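Data first, discussion second: the structure below is written as structure tokens.
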There are 2 protein chains.
Amino acid sequence: MPRPSRPLLSVDLIVDTALRAVDTAGDFTMPGIAAALKVRPSSLYNHVGGRGEIVELLRERAMSAVLVEPSAEVEWTSTVAAIARSYRDAYAAHPRLIPLLTAHTVRSHTAVAMYESLAHAFRRGGMTSQQALDAITTLDAFVLGSALDLAAPQEVWSIEATTDRDFAEVLAHANTPDRADRAFDAGLGVLIAGWSQLAAGS
Amino acid sequence: MPRPSRPLLSVDLIVDTALRAVDTAGDFTMPGIAAALKVRPSSLYNHVGGRGEIVELLRERAMSAVLVEPSAEVEWTSTVAAIARSYRDAYAAHPRLIPLLTAHTVRSHTAVAMYESLAHAFRRGGMTSQQALDAITTLDAFVLGSALDLAAPQEVWSIEATTDRDFAEVLAHANTPDRADRAFDAGLGVLIAGWSQLAAGS
DNA sequence: ACCTGAACACCGTTCAAGT
DNA sequence: ACCTGAACACCGTTCAAGT
């Protein structure tokens, strides 16, 4: 049955299906998407350029959840914190997607808007433009690294792995379900404290 | 010519070849390694369990370059900074390897030694064991995220991408060759300043 | 113990053929 | 415009056969 009166596929449908596969299985394949949509693999190429394009669409899909409010009213550190959390939550919603995205850099409209907003906040805090660039880069690395942590298996560290007393005591805190969330909040707090100090002292 | 008197292959040889392929092409394949070693793909399976095992061996190879000196003499912040730089440099030596490693977590001997050393340093600085865990997790995320930045293409940001004046000014600093290095040093400095404050205030 | 050769299931992608 | 079916080059892996 070639060419039905109403199209069976759409870009959104394909991306939906790919994202569902990534969330449940950690990866997606063209035949897999086709099967889920009851279609032949070659049909997909009428709507997307190929596997790489689907990955980019998945990246945009994830990034589109980032909220970038240009609230100039509040303290600049609050703006930075809010963006960082939203950015991180967008990734956290699809942890298994992240390893697929690490080959390329972010380039979406949302990403640009986010960086602009961060630039404003850091400049408002008194940073030089060089310092603001470094801060944005650091925040980006921290968020991406933290998100990758979410994709890691549950029990990251077993206490038996070490004979070191200090480290064993540290590890006692490591296997709680909110480990990654706690660590992210703590790390963000440290960064913002450091940036405040930097901005104030320059 | 089956079974030569002296083996043609070894685990080290296979890992060497895989790493060279990753460094030059960004990825490796079993047939590719086999061809480079003038051997049939199936021969590789006499020495390694499969592709996944080679990835793990590559991870160990990269991590083994991390220097973890247990210098209890110097300031704890110096210890942390030294480990972080060494950890990051180990990744930076093979930037294209990093995307291949992000699917799993670190689990090598060197990694454990490194985490132990960090645990000591943070505890020595006066952190609680919970704070030390959070600090280690943050450092890990920051280093991994920064390393991924190295794998990104050269011109990450073009100024034409934005109409925002603040962001454009910030981007003016973005396309220097040492961008990633500068940003890493700056970020590490901010983290250590924040941790010092945290440790002192508790 | 270690390499070969044939085989398998799977992948991404192309393209002529159909309506 | 959009789906099918056949085809291609490629991948990772297994395994009996050889020495």
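Here the structure is a predicted model, which is why all the values come from computation and not from measurement. In the text below, chain A, chain B and the rest are named by the order of the sequence lines, each starting its count at 1.
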- Interatomic distance, A:Arg40 CZ vs D:dG5 P [rounded to whole Å]: 6 Å

- Are A:Arg51 and A:Phe28 in a cation-pi contact, defined as NZ or CZ under 6.0 Å from the six-membered ring centre and within 45° of the axis? yes

- Using a distance-only test with no angle check, is there a side-chain donor-acceptor pair under 3.5 angstrom linking B:Ser10 and B:His47? no

- Message: Distance check needed: C:dA16 P versus A:Asn46 CG, whole Å only.
- Response: 14 Å

- Task: Find out whether A:Val22 and A:His94 are in side-chain contact, i.e. whether some heavy atom of one side chain is under 4.5 Å from a heavy atom of the other.
- Result: no

- Counter-base of D:dA7, judged by Watson-Crick or G-U geometry with both distances under 3.5 Å: C:dT13

- Query: Which nucleotide, in any strand shown, forms a Watson-Crick or G-U wobble pair with D:dG18, with both distances under 3.5 Å?
  - Reply: C:dC2

- Item | Phosphate contact (D:dA1 OP1 or OP2) by A:His47 side-chain N/O below 4.0 Å | no

- When rounded to whole Å, the CZ to P distance for the pair B:Arg6 and C:dA1 reads 18 Å

- B:Ile14 CD1 to C:dC2 P, straight-line distance once rounded to whole Å: 11 Å

- Task: Give the B/S/- string for nucleotides 9-15 of chain C, one per nucleotide from 5' to 3', where a protein heavy atom under 4.0 Å of the base yields B, of only the sugar-phosphate yields S, and otherwise -.
- Result: --SSBBB

- Message: Salt bridge check, B:Arg96 against B:Asp27: does any charged N sit closer than 4.0 Å to a carboxylate O?
- Response: no

- Task: Check A:Trp76 against A:Arg124 and note the closest heavy-atom contact, atom names and distance.
- Result: CA-NH2, 3.7 Å

- Query: Within 45 degrees of the axis of the six-membered ring of B:Phe142 and under 6.0 Å from its centre: does B:Arg88 put its NZ or CZ there?
  - Reply: no

